[in-house]
Amino acid sequence: MKPESEARIGGAMSRADGRDKVTGQALYSAEFQLPGLVHAALATSTVASGRIVDIDTRAVERMPGVLLVLTHRNAQSLPQKGRAAVQPPAGRVLTVLQDDRIYYNGQPVAVVVAATPEQARAAAQALAVQYAPEAALLDFAAERRRAYRPDSLTGGEPDTRRGDPEAAWQRAPFRIDATYSTPVEHHNPMEPHATIAAWNGDELALYDSTQYVDGVRNTMAKLLGMDPAKIRVICHYTGGGFGCKGSMWSHVALAAMAAQKVERPVKLAIERTQMFGPVGYRPFTEQRVQLAADDHGRLLAVRHDVLTQTSTLEDWTEPCAVVTRMLYACPNVATSHRLVALNVGTPTFMRAPGEASGTFALETAMDELAARLKMDPIELRLRNHADSDGHKNLPFSSKSLRQCYALGAERFGWSRRNAQPRSQRDGRQLVGWGMATATYPTHRLPANARVELRADGIVYVASGTQDLGTGTYTILQQIVADALQLPPQRIRVAIGDIRLPQAPVSGGSMTAASVGSAVQAAALDLRARIVQTALADAASPLHGLPTDAVEWREGQLRAGDRRDDIAAIVRRGGAPLTGEARAAPGTEAKQYSMHAFGAVFAEVKVDEALARLQVSRITGAYAVGTLLNAKTGRSQLLGGIVGGIGMALFEETLLDVPSGRFVNANLADYHVPVNADVQAIDIAFVPEEDHLVNPLGAKGIGEIGITGVAAAIGNALFHATGKRIRELPLTPAKLV
Ligand code: MOS
């Protein structure tokens, strides 16, 4: 492949921002240097419920370098108090020092500002806060009797029902009724949340690590009662988010409030331990799945009932059962979601929220059903293949799941599997093979972009999106290179600033579909303008020719021997040429059900004597529409699968019930996969064209990679050992 062809859509172009990142040129939010910058640290509550009786700020105010101790007593009274819902159903009720109430352990109770980060942190730790603790709701088992139905759910209604699942259950010869659980998990991006807040009169600049610059601007405007036009949010690079930076949390507002008081720019960088505090997490889920099948393995009834927890501040529901509504063909399906409110921080979107946790339950239950039927797990899934979306009652815009099963099985060697558990060995180790279906919906929101050709011959691309490490800079460069047939060196991408054309949250795996479509349309608009300008220009060799006589090639317009250079066209005109676009979804989501699909296969090796479990191999085969970049796209799926290994084997945040504190709130005790845990991962793509989802034909790939992985690993563990573990993570203690 020629180097420049790598820059086209689908090419394996390396990350556009790779060099800047590895050489330290890429500035992350906490790294901006502003004159007079001072440093803030959060003090957080040590009880889970109650009131603040007293805070002795005087001793701390005398500590070296301390400029401000901001508490509920001296904090600005905000018009919205903590209520900053700008993106329902995430209501985002923040804890921003508006009263003396404590709702969870780890809640901000004060912000200390000092000359250095060390001074701020020392002072925050020294702050003496007296509480009047109250009985806290912390014991999920005890509180479950108070479970309630949330008003709404990301991805649909909390409860759904079609057909008559109970009647079908009664007459079914084969039934599975099992309960699965997933623990609290924390996002733990490499870069913790960080904000620099700088006021200039009544204007506020925020350098914030976020997945949504426009969301931060709007949330802050609402919370502080400000004109959004007076707030600028900048985020050039984000060191990972996994969903926790998709909403704005309390610390951003607290940084702005502190900066207003001290009249200096304030940096508030969240400590790793505080990443387990007021910034969201994946909630605990308990999921009962009932599957009933006939003698041929056809599903007669499906129920998926989800019980999960939220905070006392806000109803946020992990939508685990949404995937069950559409994944398999079945006439009788019921799903429900119930919430238990506890005195903990509010949970949030994390790595395929609902799909990752829900496919663990559903795809494990399918494996249990296959074992009961003595049927191959792929065969069971093929017999229940949904040719259309039975919940929405819509055709799929495209679906290549059968091909994913076939390709994945072939690459993995599935046909050599001995179905009998405990039948495969490698020396003293048991070997197990398991599989699961992967799926994630294809979303899209309106987005805007501007593409400008200047006299220097460089094309400047602008959109107020952001790159949370997924490759947005890179694919936008490729899309423009493709549309204008230019080398990537001639394309500069500017994102991460609300002064650029508005773009949606980088969440829900939709940035490529949303922003990519806008950038492509803007580039094509620019191309048309360049041609028109040349043809109308008496100084152009192409003057007066009809549009269709002109060929666009490598930065030149050509017609026979006549040529005009695009940069020369701009120079003669004396002003840049600009293409602009707003790209929005049409009615396709009402006409089609749109999803990416995949199949994931796992091999585990188990040493029973040592209770040691290793995932030795994973194969994932995916159909994701147009793959915009073969290299970064593969990396996205690799990363998702690694997240799936973490979910399957390690990740679990433990809540201490008397105190309400997360006890393993650090990266030594909260385990994520390291290189030794990640062995061979094979990614394959099923070619798929889908012109219905969006102009690029790209389905989202940010999150599908994690879906199905925990189930495939758990199913492999069952195949290896004959032992079914229904609670994540699959730790050695549960093996013995
Ligand atoms: Mo992702 S959990 O949709 O930011």
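All ligand and atom numbering here is 1-based and tracks the order in the structure.
Ligand 1 is approached by Gly508 to a heavy-atom distance shorter than 4.0 Å. At least one heavy atom of Glu703 sits less than 4.0 Å from an atom of ligand 1. Using a non-hydrogen distance threshold of 4.0 Å, Pro353 registers as a contact of ligand 1.
Residue-ligand proximity, Arg351 to ligand 1, at heavy-atom distances under 4.0 Å covers atoms 2 (S). The ligand atoms of ligand 1 that sit less than 4.0 angstrom from a heavy atom of Met350 are 2 (S). Those atoms of ligand 1 that come under 4.0 Å of a heavy atom in Phe349, given as number and element, are 2 (S).
No donor-acceptor distance shorter than 3.5 angstrom exists from the side chain of Arg351 to the backbone of Gly640, with no hydrogens or angles considered.
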Problem set entry | Stepwise side chain to side chain donor-acceptor pair (under 3.5 Å) check, Thr195 with His193 | CA-CA 7 Å; Thr195 300; His193 294 265; over 6 Å; no
For this session: List the steps, then state whether salt bridge (charged side-chain N to carboxylate O under 4.0 Å, His left out) holds for Arg15 with Asp20.
Result: CA-CA 10 Å; Arg15 222 166 245 287; Asp20 281 351; over 6 Å; no
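A salt bridge links Arg338 with Asp159: at least one charged nitrogen is closer than 4.0 Å to a carboxylate oxygen.
With a 4.0 Å heavy-atom cut-off, ligand 1 is reached by the side chain of Gln211 but not by its N, CA, C or O.
No hydrogens or angles considered: nothing links the side chains of Lys699 and Ser397 as a donor-acceptor pair under 3.5 Å.
Ring geometry, Tyr281 versus Phe662: the interplanar angle exceeds 60°, so the pair is classed perpendicular (tilted spans 30 to 60°).
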